[in-house]
Amino acid sequence: MKEQLEKLRQAAMDAVAQSDDLQALENARVRFLGKKGEITSILKQMGKLSPEERPVMGQMANAVRQAVEESIAAAAEELKKRQQEMKLKAETIDVTLPGEKQPEGHRHPLEIVLNEVKDIFIGMGFQIADGPEVEWDYYNFEALNIPEGHPARDTQDTFYITEKMLLRTQTSPVQIRYMENHKPPIRMIAPGRVFRSDPVDATHSPLFHQIEGLVVDKNITMADLKGNLLTLAKKLYGENTEIRLRPHHFPFTEPSCEIDVSCFRCGGKGCPMCKNEGWIEILGAGMVHPKVLERGGIDPEEYSGFAFGLGVERLAMFRFSVDDMRLYYENDARFLGQF
Ligand code: PHE
């Protein structure tokens with residue numbers, strides 16, 4: 001029995017040592033120390049021993065059981081510790097790994113150009129103004145010297161809401177609204193959306209953007225107009241840019257002109273961008289008509305001014321060599337992502 005016990009102790013110790021997880025350890029415990037376990041069954045055989053042998057063997061068997069119990073407890077402790085360590089290792093976050101880059105948004109090309117123009121004029125001391133998109137016929141036409149029946153109304157196909165109310169066809173009504181509320185000296189630009197009942201094609205859209213400009217003070221002349229807009233052209237398209245004023249007609253300016261810039265692609269030699277003209281039209285302008293100053297509550301005998309209006313889409317098309325305006329409105333991320 002003594003030998004048997006010694007063998008069992010060894011076997012139990014080996015089984016414990018080989019258990020590499022808690023389940024295997026539990027299996028070893030049941031095998032040796034469980035109710036039907038091998039050590040337990042030896043203890044049960046004590047009754048068969050002689051009275052002299054019994055205490056000696058009993059002591060020995062108990063010592064074996066205790067030793068095995070202790071080694072199981074120690075092994076369990078060790079396994080739990082190892083398990084915890086493995087768990088921590090698996091869950092550690094390596095903060096030095098590079099992150100996943102989130103796609104960044106882009107400014108819309110129209111906004112880029114608008115911001116450039118705004119910055120240029122703010123640098124020259126202009127204020128930024130705005131006005132309503134739903135406008136009275138009075139501000140959009142009447143006060144701008146385009147009375148009912150005037151042929152100029154035909155060139156701006158208008159979305160009427162009622163007989164007297166419409167979607168503004170130009171940002172020029174902001175000129176009147178601004179003069180009603182501000183005394184000269186006036187230097188303002190008014191960017192905004194305008195609406196015309198035009199069918200959609202590569203260069204037309206029923207909704208587009210304009211930037212209106214208005215300067216009113218004593219002794220403002222055509223030279224001021226030219227100087228300001230030459231500055232704009234040089235800042236937008238480079239120091240070597242020239243401008244040319246071509247006579248034109250707008251009812252609310254007199255005299256009126258269209259302003260061309262020397263082609264920024266070919267420098268004026270002629271290329272597909274400028275349709276071989278060497279010049280590209282970028283805006284309409286003129287000296288504010290005395291009747292318009294009067295409507296704004298400003299005495300045309302004392303003050304004079306110039307105004308201009310430019311199309312943001314047009315400007316952006318040249319700026320980024322985009323030949324179809326529709327791209328600006330389709331919100332195709334492949335297009336917008338290029339800016
Ligand atoms: N409002 C004019 C247009 O839409 C542009 C313009 C503005 C012309 C101011 C002269 C002065 O075509």
Side-chain angles (χ1 to χ4, degrees), residues 108-118 121 126-148 150-180 188-214 229 232 236 248-253 256-259 281-286 288-289 292 295-296 306-319 322 324-331:
H108 193 281
L110 294 181
E111 167 125 350
I112 295 173
V113 168
L114 176 61
N115 284 342
E116 279 180 10
V117 174
K118 271 191 193 167
F121 281 107
F126 282 61
Q127 302 283 321
I128 312 270
D130 65 5
E133 293 174 352
V134 174
E135 188 53 285
W136 297 110
D137 179 287
Y138 173 78
Y139 286 104
N140 195 79
F141 290 129
E142 196 73 37
L144 289 170
N145 202 25
I146 316 174
E148 211 174 314
H150 192 288
R153 290 196 179 207
D154 284 351
T155 63
Q156 302 189 359
D157 292 309
T158 310
F159 288 115
Y160 279 93
I161 293 168
T162 67
E163 214 173 295
K164 296 254 162 263
M165 198 191 280
L166 44 78
L167 294 180
R168 66 178 178 191
T169 58
Q170 48 187 352
T171 43
S172 300
V174 186
Q175 288 187 34
I176 306 289
R177 289 183 174 272
Y178 198 85
M179 285 190 282
E180 285 178 344
M188 73 87 175
I189 56 165
R193 302 198 291 184
V194 301
F195 308 83
R196 289 185 200 179
S197 167
D198 280 329
V200 176
D201 65 27
T203 54
H204 292 88
S205 160
L207 182 164
F208 60 101
H209 299 75
Q210 285 189 336
I211 302 173
E212 193 75 12
L214 176 68
L229 296 174
L232 169 72
L236 275 181
H248 198 74
H249 173 262
F250 298 105
F252 34 91
T253 47
S256 304
C257 61
E258 278 187 334
I259 296 189
E281 182 231 315
I282 61 160
L283 54 86
V288 183
H289 197 289
V292 172
R295 293 284 187 146
F306 69 85
F308 58 90
L310 53 87
V312 182
E313 277 79 354
R314 232 183 118 70
L315 226 55
M317 283 168 84
F318 292 127
R319 181 80 168 62
V322 170
D324 193 330
M325 196 162 141
R326 287 168 285 200
L327 288 165
Y328 289 134
Y329 309 119
E330 282 166 355
N331 278 337

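When a residue number appears, it is its place in the shown sequence, counting from 1.
Between E212 and R168 there is no salt bridge, since no side-chain nitrogen of the basic residue lies less than 4.0 Å from a carboxylate oxygen of the acidic one.
If you take CH2 on W136 and CZ on R177, they are separated by 9.5 Å, rounding to the nearest 0.5 Å. Between I161 atom CD1 and D137 atom CG the span is 11.5 Å, to the nearest 0.5 Å. Separating the CD1 atom in I259 from the CG atom in L283 is a distance of 4.5 Å, to the nearest 0.5 Å. Within the model, atoms CZ of F306 and CG of L229 stand 6.0 Å from one another, a figure rounded to the nearest 0.5 Å. Distance check, rounded to the nearest 0.5 Å: CD of E180 to OH of Y139 gives 3.5 Å. The CD1 atom of I189 sits 8.5 Å away from the CG atom of L310 when rounded to the nearest 0.5 Å.
Across F308 and A285, no two heavy atoms sit closer than the pair CB-CB, 3.7 Å. Shown here for A129 and V174, the closest heavy-atom pair between the two residues is CB-CG1, 4.3 Å. Residues Q170 and Q210 approach most closely at CA-OE1, 3.2 Å, considering heavy atoms. Nearest heavy-atom pair across P173 and N140 is CG-OD1, 3.8 Å.
Looking only at side-chain heavy atoms (C-beta outward), V292 and N145 come within less than 4.5 Å of each other. Counting only heavy atoms from C-beta outward, the side chains of Y328 and M317 approach each other to under 4.5 Å. Between E116 and L315 there is no side-chain heavy-atom pair separated by less than 4.5 Å. For the pair V200/Y329, no side-chain contact is recorded, criterion being any heavy-atom separation below 4.5 Å from C-beta on. Contact annotation: the side chain of F141 approaches that of L166 to within less than 4.5 Å [non-hydrogen atoms, C-beta and beyond]. Residues P206 and F159 form a side-chain contact, since some pair of their non-hydrogen atoms from C-beta on lies under 4.5 Å apart. Using a 4.5 Å heavy-atom threshold, the side chains of H204 and R196 count as separate. You'll find the side chain of P251 stays beyond 4.5 Å of the side chain of L144, heavy atoms only.
Around CD of E330, the count of heavy atoms belonging to other residues, nucleotides or ligands within 6.0 Å exceeds 12.
Every residue meeting the side-chain hydrogen bond (donor to acceptor under 3.5 Å, both in side chains) condition with S256, not counting sequence neighbours, appears here in chain and number order: T253.
A donor-acceptor contact shorter than 3.5 Å is absent between the side chain of S205 and the backbone of F208. No donor-acceptor pair closer than 3.5 Å links the side chain of D130 to the backbone N or O of G192.
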Would you sort out whether D324 and R326 count as a salt bridge (Lys or Arg N to Asp or Glu O under 4.0 Å), showing the intermediate values?
-> CA-CA 5 Å; D324 193 330; R326 287 168 285 200; 2.9 Å; yes
In sequence, state the C-alpha distance, the side-chain angles, and the governing distance for Y138 and R295, and then conclude on side chain to side chain contact (heavy atoms under 4.5 Å, CB included).
-> CA-CA 10 Å; Y138 173 78; R295 293 284 187 146; 3.1 Å; yes
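A side chain to side chain donor-acceptor pair (under 3.5 Å) with H209 holds for exactly one of R314, E313, R193, E111; it is E313. A side chain to side chain contact (heavy atoms under 4.5 Å, CB included) with P191 is found for exactly one of T171, V117, I128, namely I128.
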